[in-house]
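To start, the structure under review is shown below, and the notes come after it.
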2 protein chains.
Amino acid sequence: MLKHDLRVIKTQESLRHALLELLKSKPLEAISVAELCRLAQINRGTFYSHYKDVHEVFKRYLEVIVEDFRRAYEEPYIKTRFKIENISASMIEIFHHVKKYQDFYQIVFDQRIPMMYYYLLFDTVRTFMKESLAKSYIDATDRVQVDYLLSYQTNAILGLLMEWNRQGYMTPAEELNKQLITILSFNSPFRGGDR
Amino acid sequence: MLKHDLRVIKTQESLRHALLELLKSKPLEAISVAELCRLAQINRGTFYSHYKDVHEVFKRYLEVIVEDFRRAYEEPYIKTRFKIENISASMIEIFHHVKKYQDFYQIVFDQRIPMMYYYLLFDTVRTFMKESLAKSYIDATDRVQVDYLLSYQTNAILGLLMEWNRQGYMTPAEELNKQLITILSFNSPFRGGDR
DNA sequence: AATTTTAATGTACACATGTTCATTATATTT
DNA sequence: AAATATAATGAACATGTGTACATTAAAATT
């Protein structure tokens, strides 16, 4: 299956288009390979020579979206150093990105959907966190294992996105960003009682 | 299907037993309803009158495990106030619990498994976080929306568990707890560069 | 334009899914 | 112990899954 073969491109585009069409009327989990192929007018055998299952079609699309996110994130990060004062600049990009592709992230965070999409997002955000950390926190390396710190911080951000999703994206992105700044400016939310 | 009917109990126990048996040799995603019923010697039609799919059998079991976690968590929390000095007491219980049921949490965190299990764990931890927060951080209510703070903190902890899982639970629970204490004692991991 | 390469199709197969319903077996209730 | 209630079974059916392979169609190459 040569990537540039016109037949291959046509097949994959038909399937992607059909998937987006079906997603308008039913959840991803309810879409079968058979139904997708019927709508796309693609032989089911052909489908299996391109994808393992319906999820893989969606995943390919999500990868494009996440790539868009990567660009959105990198931009402000490059021009500002990663301090709490301007973390706003990098994170607001995340929030705007998720809002932009709200329909997709609703699927990613769905109860019935496999964790793979979550991990895709997680790994992307974590890579950025790592780059940020490397520049400003080299001295922390021996105090905490960097891996744990990174996963802690990354997943914390994803926790905000999950909550945003659960609330139907009602909170404005700017407000969400403000929440994050406030949380980060706490010494530690757990240090209560003795301050 | 009356819960106390001996036939019902026997059916459900057979299925649970068969599931645990099959899990020894293959991943959850590879277990079909048909195979499970064959091993449990239960009619497939009977299966569907109890469960929607294989995941529901596992989920019922996980709920028992999470209930065990609830007890483990509540114990130290009740006797100590929730300060950073003794957060260790509550969190170490989480780590010990996850370690104890390592085989199950490996499944929960698996790429192929639906998010539902993650949310089950998330909601449980979040409930405890909420109780902790209510006592020591009432004044924070208007600074950040409590929902976002809770989801941030809860998911951060789950981030540690995910990392632990990814590293095959090699880190000792005590070490993990020490990592957490260290992370929490940072003013903010993002405030670097200007301290 | 003719040739070669290879993607797509059609068909078949064994097995899984989810549902229905009459029949049988086994609890619970009287 | 007999009567009643209901859970479990078995069979059937339409549909979906994943794979295999010979055939056809449409690309790329010469």
Side-chain angles (χ1 to χ4, degrees), chain A residues 1-61 107 110-117, chain B residues 1-61 107 110-117:
Chain A
M1 294 161 302
L2 234 160
K3 199 179 159 187
H4 299 292
D5 195 310
L6 290 183
R7 292 169 294 185
V8 172
I9 295 170
K10 200 181 137 219
T11 297
Q12 298 194 351
E13 266 181 11
S14 289
L15 285 169
R16 188 168 60 235
H17 182 263
L19 181 65
L20 293 176
E21 200 54 38
L22 286 173
L23 278 175
K24 290 177 186 167
S25 63
K26 53 172 72 179
L28 183 56
E29 289 300 276
I31 298 172
S32 69
V33 172
E35 186 181 16
L36 190 61
C37 291
R38 271 196 304 270
L39 183 61
Q41 304 206 72
I42 298 295
N43 189 278
R44 207 158 55 79
T46 306
F47 176 93
Y48 285 111
S49 72
H50 288 280
Y51 306 97
K52 202 179 101 289
D53 51 28
V54 176
H55 280 298
E56 213 169 307
V57 186
F58 183 77
K59 198 187 171 200
R60 297 269 183 90
Y61 208 79
I107 295 172
D110 189 287
Q111 293 257 1
R112 295 160 296 186
I113 261 60
M115 296 278 286
M116 71 192 294
Y117 304 125
Chain B
M1 294 160 303
L2 232 161
K3 199 178 158 188
H4 299 293
D5 194 309
L6 291 183
R7 292 168 295 186
V8 173
I9 294 170
K10 199 180 136 219
T11 297
Q12 300 195 350
E13 268 182 8
S14 288
L15 285 168
R16 188 168 61 233
H17 182 264
L19 181 66
L20 294 176
E21 201 54 39
L22 287 173
L23 279 175
K24 290 176 185 169
S25 63
K26 54 172 73 180
L28 183 57
E29 290 300 276
I31 298 171
S32 70
V33 173
E35 187 180 18
L36 190 61
C37 290
R38 271 196 303 272
L39 183 61
Q41 303 207 71
I42 297 296
N43 190 278
R44 211 159 51 79
T46 306
F47 176 93
Y48 285 112
S49 70
H50 288 281
Y51 305 97
K52 200 177 102 288
D53 51 28
V54 176
H55 280 299
E56 212 168 308
V57 186
F58 183 78
K59 197 186 171 201
R60 297 270 183 91
Y61 208 79
I107 296 172
D110 188 287
Q111 293 256 4
R112 297 160 294 187
I113 260 59
M115 296 278 285
M116 72 192 294
Y117 305 126

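A note on names: the letters A, B, ... follow the listed sequences, proteins ahead of strands, and every chain is numbered from 1. For clarity, every value in this text was computed on a predicted model and none was experimentally measured.
In this structure, NZ of B:K3 is placed 18 Å from C1' of D:dT6, rounded to the nearest angstrom. When the C1' atom of D:dA7 is taken as reference, atom CD of B:Q12 falls 12 Å away, rounded to whole Å. Taking atom CG of residue B:L6 and atom C1' of nucleotide D:dA5, one finds them 15 Å apart after rounding to whole Å. Atoms CG (B:D5) and C1' (C:dA27) sit 5 Å apart, rounded to a whole Å. Taking atom CG of residue A:L2 and atom P of nucleotide D:dA28, one finds them 9 Å apart after rounding to whole Å.
Heavy-atom distances to DNA chain C give each of B:K10 and B:D53 a nearest nucleotide, and the one nearer the 5′ end belongs to B:D53.
Put simply, the side chain of B:V33 reaches to within 4.5 Å of the side chain of B:Y48, judged on heavy atoms. B:L19 has its side chain within reach of B:L28: a pair of non-hydrogen atoms, C-beta onward, lies under 4.5 Å apart.
Atoms CD and NZ, on A:Q12 and A:K3 in that order, are 9.0 Å from each other to the nearest 0.5 Å. Note that the CZ atom of A:R44 and the OG atom of A:S32 stand 9.0 Å from one another [nearest 0.5 Å].
Note: A:H55 and A:Y117 have tilted aromatic rings, judged against thresholds of 30 and 60 degrees for the angle between ring planes.
Residues of residues 24-51 of chain A that place a heavy atom closer than 4.0 Å to DNA chain C, in numerical order, are A:Q41, A:I42, A:N43, A:T46, A:H50.
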side-chain contact (heavy atoms from CB on, under 4.5 Å) assessment of B:L36 paired with B:L15
CA-CA 7 Å; B:L36 190 61; B:L15 285 168; 4.1 Å; yes

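Between C:dA8, D:dA7, C:dA27, one nucleotide has an atom nearer to the side chain of A:R7 than all others, and that is C:dA8.
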